[in-house]
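Order of the sequence lines fixes the chain letters, A, B, ..., with proteins taken first and strands second; residue numbering starts at 1 for each chain. All values below were derived from every heavy atom in this structure, side-chain atoms included, with hydrogens, water molecules and symmetry-related copies excluded.
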Amino acid sequence: MAVTSSHVRSKNHKKLKGVNPFRNKLKNQQSDKKKPVIFKDFEDDDQDEFLDNLVQSENKTPTYHKLTKQELKTRADEILEKQRKKLPVYQNKDEIMTYINKNQVTVLIGETGSGKSTQIPQFLINSVSKGKKIAVTQPRRVAAISLAGRVAAEYGCIIGDEVGYSVRFDNRSNDKRTKLKYLTDGMLLRELMMDKKLSQYEYLIIDEAHERTILTDLLLGFIKGLLQGSRKNDLKIIVMSATLQADRFSKFFDDAPILFVKGRTYPVENFHLSLKDSEEQTDMVESMIRSVIQVNSSEPFGGDILCFLPGQEEIDKAVAILQKISPILKDSYIKQKLKIPEIVPLPLYAALSPSKQLLVFNKLNSNKFQRKIILATNIAETSVTIPGVKYVIDSGLRKVKIWRHELGLSTLLTVPVSRASCQQRSGRAGRESEGKCFRLFKENDFVNLPSQSESEIIRCDISNPLLILKKVGVKDILNWSWLESPGKNAIVIGLEELYSLGALNDSGELTEKGEKMALLPLAPHLSNVLLEAMERNCISAVLDIVACLSVENLLLNPNPDIRDIVNEKRYQSATLGRRHGDLIMLKEFYDIFNGLDSVPEKKQWCQEMSITYRGFQNVIKIRRQLKDYLKKIDANLEKNEQFKNKGTASNDDEESDDDFIDTNDKKIDVESILKCFLYGFVKNTAIGMPDRSYRTTTTGEPISIHPSSMMFSKKDNPGIMYTEYVFTSKGFARNVSRIELEWLQEVAMGVKKFK
DNA sequence: CAGTATAGC
């Protein structure tokens, strides 16, 4: 029986060699094989849309917009017969539905390929009351969008009709007609801030709950409250999770039943280092390269190799070496008359330019005797699915950023992954046919790994989550229904932080300012900066910079061979930035980008500066959204000095940003801007010492300016302010600006001080 | 004079 209720099967680790206890084989899958996608022009950033469609390609969305109602229906019937009915979840529909109908909360373990995310919501769609909806949450935007597309096709409607989605910047749902809405968990949380009862929903399906993102954890905590209170009788919950976390969810919801549905993937054989291998420490990159060569030469042609390494540095190093030895190997194979494919190494990590990321999806020329070697971070573990992978080599390592509450800094550590991660990684080899996973550690080490990774909530800065709790009206945060509490210490420090930013009053209640901060889609510090800027006549420039800060990897790390040229170009372009620091540099770059007339010019400039064009498009989207929020927050905004003479802007024009330009748009008021930032980052300051080093104002610890900063070579700053403090080989200030000591005094007087 | 996983509003 595919469905097992009320318990999670225990796993026998002794079986691991040669047998994968987590997968079951299913035949006749050839029809589901993905078609190869070939890209002709990899330099075009506009192809990012294609990338979005490719990630999570299991749910690839065809477009049915032009089809008539009848055609939609016909198509849906066809999918039902040919595909849906074969899914394990569909085959166990009645049994699953019995459990869901009987229980307020059901935990469902659905393995990859079981069809849980697409089918379960459809089983429920016809039993939803008039005017009510089903919400299905996802941790990632692309997943929400592609699932909605797939399900709309299966249901036989246009996206945004009965089936829709809602993610940041993109809402395709209809308040009245949409019955089934896929959304990011962050989006549902935002809806929760507006309507504490989530009254429009009758079913909440929390998908990928085992990933334990902060936002999913918060949602589950709020849901528990709802089930015990106002929504006791008219709300049902389905938590979808991987095996290892299912027990936790079941216990959290008063021993809710656990259903287990098998997946449809191929078996993967796991190999570990032999026990006889020497204990001596070898270089990870070196052993990865050895393994790649070995696997490539010993395994039959056909099927690519996916390698997991902890970070960009290791990946770049490995790619460089593999590229160097690839032609040498090829020659030697030919000379020895060995039939071994040539290796084509490809890097994959988030900070890689979008065009280079796309290369991993490119199908190699079938006439050439080659094998792709993809060297990836854990971006390939959940976010990106690469077709054609048959072999996985796992270093067993990853990088984790850990927030130190008491120090207000984050540390970046390379740590062993969890058993859950190992299984997820090896599963990547069995998506299209049976595969093999080679682990660069011993079986004994595997057994001793933690069963799952530390959840986000206990290793991240929780000031924003705490602000959300306050906004939703949680009084006793320490004893709130935490799925996992971040701990008293973290909570107290986080609340102190909110208090010092003026979000909470002396009694710990949310202030008017705190209300506004909770509404802004930013970290509380940055919200505070924006609110301060509203009163200082420099909101436009500060908004530009804050929007830039909200985009990850806007400025790429240029490759070593062009690094000096790019750095010099950046330095030359930021005439104010090289004196005042990185924040002002961002403002200058923003202005330059916007000042260029045509898209080709903008792209050209981005290329030269090693900036992502797409990143800047996001900056502009975010800026527009922040501006809209600010308008909502401050009803008097239109009367504000900066908006006089402009009146109400006509909203039909996409470029209606004009109403937000301050009077001094040509001249950058450096002092005002940096003082605004000080209001959010007073604690992130350091004072210049006579020996030209810096010491933090809070603890007196030595701190160095990170080499990636414009301020790195500038030694005459009386003080510095930074938006990030990280500890790697030593304490580094990242994103650094020069400040005068008088500013520090002035702002510190204006900021409520704790202690 | 160093070198940063991933995701979300």
Side-chain angles (χ1 to χ4, degrees), chain A residues 55 137-144 166-171 183-194 208 211-219 308-317 348-352 376-384 395 397-402 410-415 417 421 424 453-454 456 459-460 464-465 467-468 471 517-524 526-527 550-553 555-560 563 567 618 621-622 625-626 628-629 692-693 704-709 711-715 724 726-735:
Chain A
V55 284
T137 69
Q138 296 292 325
R140 283 169 291 278
R141 293 164 41 103
V142 280
S166 172
V167 301
R168 188 181 188 181
F169 303 127
D170 196 3
N171 180 5
L183 25 62
T184 44
D185 39 22
M187 216 52 196
L188 188 61
L189 215 45
R190 206 145 265 277
E191 290 186 4
L192 187 97
M193 284 201 275
M194 300 303 167
E208 312 286 2
E211 289 189 22
R212 301 289 316 279
T213 69
I214 287 183
L215 300 176
T216 324
D217 272 22
L218 290 181
L219 269 181
F308 286 99
L309 281 165
Q312 177 180 347
E313 195 188 344
E314 292 83 357
I315 290 171
D316 286 342
K317 206 167 136 192
L348 179 67
Y349 45 81
L352 199 66
T377 61
N378 48 11
I379 190 172
E381 199 176 299
T382 48
S383 309
V384 177
S395 68
L397 298 172
R398 64 168 185 152
K399 286 196 176 174
V400 199
K401 207 171 188 176
I402 295 166
S410 49
T411 49
L412 203 78
L413 300 173
T414 303
V415 297
V417 296
S421 270
Q424 176 71 23
S453 317
E454 271 188 331
E456 274 185 358
R459 37 162 259 255
C460 291
N464 203 32
L467 188 60
I468 295 172
K471 168 72 185 157
M517 288 166 67
L519 287 173
L520 288 166
L522 292 169
L526 284 174
S527 297
S550 300
V551 172
E552 211 65 33
N553 300 317
L555 274 69
L556 300 169
N557 290 342
N559 280 338
R563 182 183 46 187
N567 281 344
N618 284 334
K621 270 195 215 168
I622 290 171
Q625 189 186 43
L626 290 174
D628 289 344
Y629 272 117
R692 298 191 154 181
S693 67
S704 312
I705 296 176
H706 195 272
S708 65
S709 169
M711 297 278 93
F712 180 61
S713 50
K714 195 167 171 300
K715 298 292 177 190
E724 205 184 349
V726 292
F727 196 97
T728 49
S729 54
K730 57 178 173 172
F732 282 109
R734 305 200 73 230
N735 199 327

*Classify the nucleic acid contact of A:R563 as base, sugar-phosphate or nothing, counting any heavy atom under 4.0 Å across all strands shown.*
base
*Could you tell me which residues satisfy side chain to side chain contact (heavy atoms under 4.5 Å, CB included) with A:L555, sequence neighbours excluded, listed by chain and number?*
A:R570, A:M585, A:L586, A:F589, A:I611
*Nucleotide B:dC9, atom C1' - distance to CG of A:L218 in whole Å*: 12 Å
_Please pick, from B:dA5, B:dC9, B:dG3, the nucleotide with the shortest atom-to-atom distance to any side-chain atom of A:F732._
B:dG3
*Could you give the CG-to-P distance, from A:L309 to B:dG3, as a whole number of Å?*
18 Å
*For the pair made of CG in A:L467 and P in B:dC9, what is the distance, rounded to whole Å?*
17 Å
*Identify whether any heavy atom of A:F712 sits under 4.0 Å from a base atom; if not, whether one sits that close to sugar-phosphate; answer base, sugar-phosphate or nothing.*
base
*To the nearest 0.5 Å, how far apart are OG1 in A:T213 and CD in A:Q138?*
11.0 Å
_Side-chain donor or acceptor of A:R398 paired with backbone N/O of A:N378 under 3.5 Å_ = no
*Applying salt bridge (charged side-chain N to carboxylate O under 4.0 Å, His left out), name anything that partners A:D316, two or more places apart in sequence or on another chain.*
none
_Looking only at the side chain of A:P707 (C-beta and beyond, no hydrogens), which of the listed nucleotides B:dT6, B:dG8, B:dA2 gets closest?_
B:dA2
*Taking for each residue the nucleotide of DNA chain B with the nearest heavy atom, is it A:P310 or A:A523 whose nucleotide lies nearer the 5' end?*
A:P310
*Is any side-chain nitrogen or oxygen of A:S729 closer than 4.0 Å to OP1 or OP2 of B:dG3?*
yes
*Give the nucleotide from the list B:dC9, B:dT6, B:dG3 with an atom nearest to the side chain of A:E313.*
B:dG3
*Any donor-acceptor N/O pair under 3.5 Å between B:dA5 base and A:R459 side chain*: yes
*Can you tell me the distance, in whole Å, between the CZ atom of A:F169 and the C1' atom of B:dC9?*
8 Å
*Which residue lies more 5' along DNA chain B, comparing A:L520 with A:H706 via nearest heavy atoms*: A:H706
*Would you say the side chains of A:E381 and A:S421 form a donor-acceptor pair under 3.5 Å?*
yes
_So for A:R190 and B:dG8, does any side-chain atom that can act as donor or acceptor lie under 3.5 Å from a complementary atom in the base?_
no
*Once you round it to whole Å, what is the distance between P of B:dA7 and CG of A:D217?*
18 Å
*Between A:K401 and A:E456, is there a side-chain N and carboxylate O pair less than 4.0 Å apart?*
no
_Atom pair distance, as rounded to whole Å: NZ in A:K399 and P in B:dA7_ = 16 Å
_Need one value for A:T414: base, sugar-phosphate or nothing, where a base atom within 4.0 Å counts as base even if backbone is also close, heavy atoms only._
nothing
*Quick one: is B:dA2 close enough that its OP1 or OP2 comes under 4.0 Å of any side-chain N or O from A:T728?*
no
*Taking only the side-chain nitrogens and oxygens of A:Q312, find out if one of them lies under 4.0 Å from OP1 or OP2 of B:dA5.*
yes
*A:S704 near the nucleic acid: base, sugar-phosphate alone, or nothing, with a heavy-atom cut-off under 4.0 Å?*
nothing
_For a quick check of understanding: with a heavy-atom distance under 4.0 Å over all strands, which category does A:R168 fall into, base, sugar-phosphate or nothing?_
base
_Euclidean distance, atom CG of residue A:L397 to atom C1' of B:dA5 [Å, nearest integer]_ = 12 Å
*asked:* Classify A:T377 by what it touches in the nucleic acid, base, sugar-phosphate, or nothing, heavy-atom distance under 4.0 Å.
replied: sugar-phosphate
*Provide, to the nearest angstrom, the distance between the CD1 atom belonging to A:I379 and the C1' atom belonging to B:dG8.*
15 Å
